Protein chains: 2
Amino acid sequence: MPRKPQGPCQPVARRDPAATRQRILAAARSLFARQGFDGTGVRQIAHRAGVTRSLVHHHFGSKESLYLAVLERSEAEWAGRLREAVEPAIDSEEFVTEAVRAYHRFLGEHPDFVRMGEGLDLFLAGGADRRRLLAGRPRPEDRNERFLHDAPDRVIGRIAELQRQGRLRDDLDPALVLAAVWCLVEHWHEARDRLGLRLGRDLDGPGIDDRFLETALSILVEGLAPRTENRRPPGGNGGQGGADG
Amino acid sequence: MPRKPQGPCQPVARRDPAATRQRILAAARSLFARQGFDGTGVRQIAHRAGVTRSLVHHHFGSKESLYLAVLERSEAEWAGRLREAVEPAIDSEEFVTEAVRAYHRFLGEHPDFVRMGEGLDLFLAGGADRRRLLAGRPRPEDRNERFLHDAPDRVIGRIAELQRQGRLRDDLDPALVLAAVWCLVEHWHEARDRLGLRLGRDLDGPGIDDRFLETALSILVEGLAPRTENRRPPGGNGGQGGADG
DNA sequence: GCCACAATTGGCCGAACGGCCAACCATTGT
DNA sequence: ACAATGGTTGGCCGTTCGGCCAATTGTGGC
């Protein structure tokens, strides 16, 4: 490996601070995602990165700064991939199915993204100081980050647009529709293991992800389809529709 | 408070081991639910319970045993309340709406139950020893615990029954239908704050719980209603139903 | 060659953790 | 009245945590 002990243009030699930084970031991201902030020690991160704890502290200053750095890099990276996956679906004709499928596939391919969400909650639960730390983080004007920020409003607007066009039932709050879809897709990836435990069924079989997706998608498509007959809005105490006895 | 310094029948005096035990359990349950297993110290539990750490260790042996005791007591208590709330709905005519409403209300009234589920995951993530510890815990034959254990199968059976009766569409796997409902109801209570953060909307307003419930319920009822026209099963690549252009 | 600087190292600190132990003391059976 | 039991206490142990510092080493500019 130490082929070029002295190269000013390509410092691939024994000392490579940039690569070391990246290795620390990668190790930290993997461990933070799996074990959360409190459950991961700086020593553990350093060991996986092949460096000493002091070096971690040298590069990032503190454990919290390292966590924020991980969050920032991951967010930027994930935002790009999520944008590539989901953005084309927003303006699609088959908006609901394509968007749900894209988001579902994205979560399946990036489980760390899901776990980072939980880890962030635990991190923020540490107190107001951490919230302030996160709030003081400068928001880059990256296009991918903008997408991550604007996506909910765009999706909600698209739902409302489809409602006005009569292609989705218009008696539901678009924001709450999005919330429902979010719960369906995200909770599956977040708590599938727990779900299988409680159901007493094995939810790890091959294709189970796709089978759940198709089931949820089918319920969504049918549940959001515009009604031909008139129906009470669900604001009050709506009666049961299908299995009404 | 120390009214009876010497009472053999009612030891409400300064020494009341049973009451002390309950106080420790209550403190531990509250703190474990809010901060998880690793995030809660024995000293913190002891402080809240008004005793010393040694006394906690004396009564429960170890922190893990205390956690299991909390889990056991909480599970028994919650199983009873959940059974009272949900069991009547299973055999109800309006099965879907009543069951979802009951479970939704239960989760809203017992947020610790939700958080305990996450905490249990983190606890079990500690290693195989803890999993073995939990597996070796004797399962009491309490009627409430039996309900907690049997409920998923009963609900799945009920869904299948309604499918056979033609009151729910029969092209979906009942277990996956239950999984979808579970995701909808549980994730709302588990991640509502995170959801609001990402949506950039305030999801804490009064009645937001009920409004989401009615929206999700409406989607579910419509999405699970039997179709009059024939429809492709969702196994393949089903096209969008309502908004198909 | 030499020096300044950054990367990297091992070691040390105070604090908090969970667990353990000897002692104190209220209650109880005899 | 006495001893035994067990609830209760403060204190001590080893470990691990995150953070800090001095020293060493590799690297590039002069």
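Atom set for the values below is all heavy atoms of this structure, side chains included, hydrogens, waters and symmetry mates excluded. None of these values were measured; they are calculated from a predicted model. Chain letters run A, B, ... following the sequence lines, proteins first and then strands; every chain starts at 1.
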Let me know the distance between [atom1] of [X] and [atom2] of [N], rounded to the nearest Å.
X: B:R130; N: C:dG18; atom1: CZ; atom2: P; answer: 11 Å
X: B:K63; N: C:dG18; atom1: NZ; atom2: C1'; answer: 8 Å
X: B:R21; N: D:dG7; atom1: CZ; atom2: C1'; answer: 13 Å
X: A:Q35; N: D:dC17; atom1: CD; atom2: P; answer: 11 Å
X: B:L31; N: C:dC17; atom1: CG; atom2: P; answer: 12 Å
X: A:I45; N: D:dC17; atom1: CD1; atom2: P; answer: 11 Å
X: B:Q44; N: C:dC17; atom1: CD; atom2: C1'; answer: 12 Å
X: B:I24; N: D:dT9; atom1: CD1; atom2: C1'; answer: 13 Å

Answer yes or no: does a side-chain N or O of B:H57 lie under 4.0 Å from OP1 or OP2 of C:dG19? no

Please determine whether a side-chain nitrogen or oxygen atom of B:H58 lies at a distance below 4.0 Å from atom OP1 or OP2 of D:dT9. no

What is the ring orientation for B:F212 with B:W188, classed by angle as parallel under 30°, tilted 30 to 60°, or perpendicular over 60°? parallel

Could you check whether the rings of A:Y67 and A:F32 sit parallel, tilted or perpendicular, using 30° and 60° as the cut-offs? perpendicular

Donor-acceptor side-chain pairing of A:R34 and A:S30 below 3.5 angstrom: yes

Which nucleotide, D:dT8, D:dT9, C:dG18, lies nearest any side-chain atom of B:V51? D:dT9

Between the base of D:dG19 and the side chain of A:S54, is there a donor-acceptor distance below 3.5 Å? no

Sugar-phosphate, base or nothing in reach of A:S65, heavy atoms under 4.0 Å: nothing

Between A:F113 and A:F106, is the ring centroid distance below 6.0 Å? yes

Supply the atom-to-atom distance B:M116 CE to B:R29 CZ, rounded to the nearest 0.5 angstrom. 8.0 Å

Between A:R43 and A:L55, whichever has its closest DNA chain C nucleotide further toward 5' is A:L55

